[in-house]
Amino acid sequence: MKFKEAIKPYKAAAGGWGSLEATTRFVFDSKQVLKNMRNLMRMNKAKGFDCPGCAWGDDNKSTFSFCENGAKAVTWEATRRHIGAEFFARYSVSALYQQSDYFLEYQGRLTEPLRYNRQTDRYEPISWDEAFALIAKHIKAMDNPHQMELYTSGRASNEASWLYQLFGRMNGSNNFPDCSNMCHEASGSGLKRSIGVGKGTIRLDDFDHADAIFVFGQNPGTNHPRMLHSLRHAADRGAKIVTFNTLRERGLERFADPQKPLEVVTSLAGQISSTYYQPNLGGDMAAVRGMVKALAENHRARIAAGEKGLFDEAFINAHTEGVDAYLAEVDATEWSKIVQQSGLSEQQLRDAAAIYQSADRVICTWAMGITQHKHSVDTVREIVNLQLLFGQLGKKGAGLCPVRGHSNVQGNRTMGIDEKPSNAFLDSLGQHFGFEPPREKGHNTVEALEAMLRNEIKVLIALGGNLAAAAPDSPRTEEALRRCGLTVQISTKLNRSHLCPGAVDSLILPTLGRTEEDIQETGPQFITVEDSFSMVHASEGIGKPIAETQRSETWIVAGIANAVLGNEKVDWLGLAADYNLIRDHIAATLPGFADFNAKCDIKGGFYLGNAAADLRFNTPNEKAQFSNAALPVSLFPGLDVDVPFTLQTLRSHDQYNTTIYGLDDRYRGVYGQREVLFINAQDMEKLGFAAGDNVDIETLWNDGITRKVHGFKLVPYNIPAGNLAAYYPETNPLVPLSSFGDISGTPTSKSVPVKISLSPVVNGLRIA
């Protein structure tokens with residue numbers, strides 16, 4: 001494919017015909033057309049199943065409650081393609097390792113438990129009983145319980161997650177690395193410090209009442225497309241949508257509703273952002289600081305003129321602490337520093353402040369463009385500071401909205417998947433089950449990988465996910481997995497992690513998907529999930545599993561726990577037979593879940609509540625806390641070399657997390673390829689490079705390790721000078737494991753210091 005054919009700027013709005021066409025194509029490609037049409041009609045509906053994709057809330061109003069990428073997730077899971085012993089007889093693990101991530105997952109569903117045979121370099125069938133016995137053998141041989149890591153994907157249900165953490169803690173460890181450690185950990189850490197709760201404060205219908213919505217560092221058109229409906233409705237009724245995002249993203253510019261026939265077949269589309277700012281990577285904290293500086297000047301000018309100030313003094317006095325120290329830090333921050341770091345002009349930030357000032361009710365929403373930097377916790381808290389100054393909590397149409405990327409990643413944390421659990425939670429768990437839970441802080445994902453590299457971990461169990469592809473520093477992450485004595489991957493499809501077998505043993509355990517019936521001894525079961533708005537929904541699959549040897553995540557966790565711990569304190573197998581019993585235990589150990597089973601019948605789910613939204617702040621002095629952090633001196637402290645470019649890793653449109661559905665990125669105009677590098681056209685020209693040139697990308701870091709990827713095609717894009725973007729997991733090898741956020745421990749995947757050079761020429765051809 002020629003470069004001009006592979007790069008075709010997308011001129012249509014997000015959604016619309018393009019979304020409808022892509023959805024239809026994926027439904028037919030699944031080879032299960034009727035089954036998947038039925039699935040889609042039951043997705044995000046009462047007596048149906050919750051989307052296995054993003055964590056956006058359900059409005060319970062739409063005829064079709066799914067988006068293009070949700071449809072991809074469902075059809076990708078509910079495929080007729082499957083692999084088993086015959087597949088692994090044909091392919092060795094070494095041969096599969098050479099294949100792309102797209103190839104691996106496209107082969108279809110895993111159907112039987114498998115054990116790695118190191119002599120043949122192949123996976124071979126093993127029975128469920130043998131698999132559980134092997135896991136128990138390895139765990140019982142550990143020197144101490146901290147030699148086990150229990151990794152969790154955000155897709156795991158509340159029931160499976162709660163059972164998983166109970167097993168881990170009864171076995172003596174808080175080692176619960178999870179996908180949240182790599183994405184929204186900064187949101188939870190920052191919000192807890194500021195308002196006492198690590199979740200967003202708004203509900204979905206608050207978007208119907210906001211006067212302005214400030215969107216920071218996110219691309220909903222690809223990562224959570226149903227959000228575009230909320231933004232479009234808000235914009236249509238006159239709310240101002242103000243976007244801060246380094247790249248121009250089509251979904252944040254224009255959106256055509258695929259559920260409106262006229263917008264599908266015509267060029268009609270609604271504008272999303274009324275104003276669009278493109279800060280430097282890592283510059284959002286400075287941008288918010290600039291807005292506050294302008295607003296503080298206006299506030300004081302009004303008071304000096306004998307008028308009422310802008311800030312909500314009554315709210316500040318009654319509900320907050322630390323405002324004077326914060327405003328002193330704002331005053332001490334020079335405009336020159338704000339402009340240099342944000343990449344935006346003083347006038348742009350004053351204009352954004354004017355929009356904020358004119359709105360009575362404001363929502364601030366953000367995603368991983370905010371959370372994957374070294375200073376991300378401070379950035380989240382800076383956004384909170386802005387909202388606190390104007391009392392934008394505790395009222396309809398206003399508040400804080402971190403948008404979680406993966407279905408039930410918020411629920412996992414609620415259920416206790418947390419390496420640093422609260423004493424209150426541990427006390428409740430211990431009292432209910434009559435044991436003393438471990439109190440030591442466990443490992444987050446980066447700490448777990450470092451411990452594996454030090455040969456300290458004997459067992460890794462992964463409840464979903466694809467750690468080898470999701471984590472940073474790919475060669476080191478893969479080496480970390482290979483150093484574990486036993487790796488256990490609970491998975492629906494083949495992925496990169498399966499190809500990094502442990503030093504002694506490796507198992508792949510095939511699990512049911514969200515779309516499939518879960519029949520246990522007492523009959524059909526349902527599970528629950530929690531969305532980004534603290535709504536808990538029941539979810540019940542409707543499709544027949546592709547094989548009788550597949551098992552639910554809950555059943556698998558219970559089987560492992562029973563093999564390791566026995567049934568003296570907990571009847572694990574009894575809980576697996578009846579999920580209502582699990583929910584009864586959840587109700588007895590977690591606040592907000594009283595009458596859990598009864599509440600599951602509520603149409604549309606039930607609200608867990610949010611103390612900060614009710615102006616109750618679970619901080620030491622029961623008040624919201626202004627932070628007073630200075631702007632970072634550098635994105636890369638301690639790095640003593642000039643950094644020509646800052647790179648962010650991101651998803652393509654045919655991708656969800658590490659799952660690659662296809663090789664197109666329609667909204668960015670990229671087709672049939674993934675190894676591309678988005679660059680400012682003027683930067684490209686200054687280097688003497690041309691569009692389509694192949695370049696190598698190398699990380700600039702201070703640990704003596706070479707991190708380099710090769711043969712990425714240059715694609716000119718609307719991105720500020722000095723900033724680059726490329727897809728993960730292809731560029732995860734560039735993200736140092738030792739580069740992570742302060743407090744959060746989140747890898748700094750949105751601020752990677754790099755240089756680029758033309759790929760070498762061999763026999764007159766530039767290599768890819």
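Bear in mind the structure is a predicted one, so any value in this text is a computation, not a measurement.
Atom CG of Asp578 and atom CG of Leu573 lie 13.0 Å apart (nearest 0.5 Å). Summarising the geometry, atom CD belonging to Gln107 is positioned 8.5 Å from atom CZ belonging to Arg81; distances are rounded to the nearest 0.5 Å. Atoms CG and OG, from Asn657 and Ser153 in turn, are 7.5 Å apart once rounded to the nearest 0.5 Å.
Applying the side-chain contact (heavy atoms from CB on, under 4.5 Å) rule to Pro145 yields the partners Asn171, Ser173; only residues at least two apart in sequence or on another chain are considered. Residues passing the salt bridge (charged side-chain N to carboxylate O under 4.0 Å, His left out) test with Arg651: none are found, sequence neighbours excluded. Glu86 is linked by a salt bridge (charged side-chain N to carboxylate O under 4.0 Å, His left out) to nothing, counting only residues two or more places apart in sequence or in another chain. Residues satisfying the side-chain hydrogen bond (donor to acceptor under 3.5 Å, both in side chains) criterion with Asp518, sequence neighbours excluded, are Gln520, Tyr579. Every residue meeting the side-chain contact (heavy atoms from CB on, under 4.5 Å) condition with Lys420, not counting sequence neighbours, appears here in chain and number order: Glu185, Asp418, Lys441.
Here Arg109 pairs with Glu516 in a salt bridge; the nearest charged N to carboxylate O distance falls below 4.0 Å. Residues Lys458 and Asp143 are paired through a salt bridge, judged by an N-O separation under 4.0 Å between the basic side chain and the carboxylate. With respect to the salt-bridge test (charged N to carboxylate O, under 4.0 angstrom), the residues Arg413 and Asp178 qualify. Between Arg169 and Glu436 there is no salt bridge, since no side-chain nitrogen of the basic residue lies less than 4.0 Å from a carboxylate oxygen of the acidic one.
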message = Using the rule given for side-chain hydrogen bond (donor to acceptor under 3.5 Å, both in side chains), can you reason through Tyr116 versus Asp121, listing the C-alpha separation, both sets of side-chain angles and the distance that settles it, and then say yes or no?
response = CA-CA 7 Å; Tyr116 180 62; Asp121 192 30; 2.5 Å; yes
task = Assess whether side-chain hydrogen bond (donor to acceptor under 3.5 Å, both in side chains) is satisfied between Thr748 and Ser739, documenting all intermediate values.
result = CA-CA 6 Å; Thr748 57; Ser739 180; 2.5 Å; yes
request  = Check step by step if side-chain hydrogen bond (donor to acceptor under 3.5 Å, both in side chains) holds for Asn175 and His146.
outcome  = CA-CA 7 Å; Asn175 284 352; His146 306 298; 4.9 Å; no
request  = Determine, step by step, whether Glu105 and Leu494 satisfy the side chain to side chain contact (heavy atoms under 4.5 Å, CB included) criterion, reporting the C-alpha distance in whole Å, the side-chain angles of both residues, the deciding distance to 0.1 Å, and the verdict.
outcome  = CA-CA 5 Å; Glu105 297 211 33; Leu494 187 65; 6.0 Å; no
Stepwise side-chain hydrogen bond (donor to acceptor under 3.5 Å, both in side chains) check, Asn495 with Asp101 = CA-CA 7 Å; Asn495 65 47; Asp101 295 272; over 6 Å; no
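Taking each heavy atom of Thr111 and Ala547 in turn, the nearest pair found is CB-CB, 3.7 Å. When all heavy atoms are compared, the tightest approach of Asn412 to Ser161 is ND2-OG, 2.8 Å. Summarising the geometry of Pro177 relative to Glu149, their closest heavy-atom pair is CD-OE1, 3.5 Å, with the distance given to 0.1 Å. Shortest non-hydrogen contact noted between Ile743 and Ser189 is CG2-CB, 4.0 Å. When all heavy atoms of Glu540 and Pro524 are compared, the closest pair comes out as OE2-CB, 4.1 Å. Smallest separation of non-hydrogen atoms from Val735 and Pro747: CG1-CB, 4.4 Å.
Side-chain contact annotation: Gln525 with Thr522, donor-acceptor N/O pair under 3.5 Å present. Side-chain atoms of Glu419 and Asn174 include no donor-acceptor pair closer than 3.5 Å. A donor atom on one side chain and an acceptor atom on the other are found under 3.5 Å apart for Thr414 and Lys199. Thr528 and Arg583 are not linked by any side-chain donor-acceptor pair at a separation below 3.5 angstrom, with hydrogens and angles left out of the test. Counting only N and O atoms by type, the side chains of Thr487 and Ser506 include a donor and acceptor under 3.5 Å apart. A side-chain donor-acceptor contact under 3.5 Å links Glu478 and Tyr97. No side-chain N or O of Asn562 forms a donor-acceptor pair with one of Asn567 less than 3.5 Å apart. Side-chain contact check for Tyr123 and Arg115: no donor-acceptor pair (N or O, by modelled atom type) lies under 3.5 Å. Side chains of Thr445 and Asn181: a donor-acceptor N/O pair is present below 3.5 angstrom, by distance only.
Evaluated for a side chain to side chain contact (heavy atoms under 4.5 Å, CB included) with Phe606, the options Met535, Lys599, His537 yield exactly one hit, Lys599. Screening Thr152, Leu509, Leu150 for a side chain to side chain contact (heavy atoms under 4.5 Å, CB included) involving Leu463 leaves a single residue, Thr152. The residue from Leu481, Leu114, Asn466, Leu110 that alone fulfils the side chain to side chain contact (heavy atoms under 4.5 Å, CB included) condition with His498 is Leu110.
For Arg122 and Tyr91, the positive end is not near the middle of the six-membered ring at less than 6.0 Å and at most 45° from its axis.
Residue pairs meeting the ring-ring contact (aromatic ring centres under 6.0 Å, His included) criterion with at least one member in residues 548-576, sequence neighbours excluded, are Trp128-Trp555, Phe132-Trp555.
Not one N or O on the side chain of Asn732 forms a donor-acceptor pair closer than 3.5 Å with the backbone of Asp473. With hydrogens and angles disregarded, a donor-acceptor distance shorter than 3.5 Å links the side chain of Thr589 to the backbone of His585.
Note: Trp162 and Phe433 have tilted aromatic rings, judged against thresholds of 30 and 60 degrees for the angle between ring planes.
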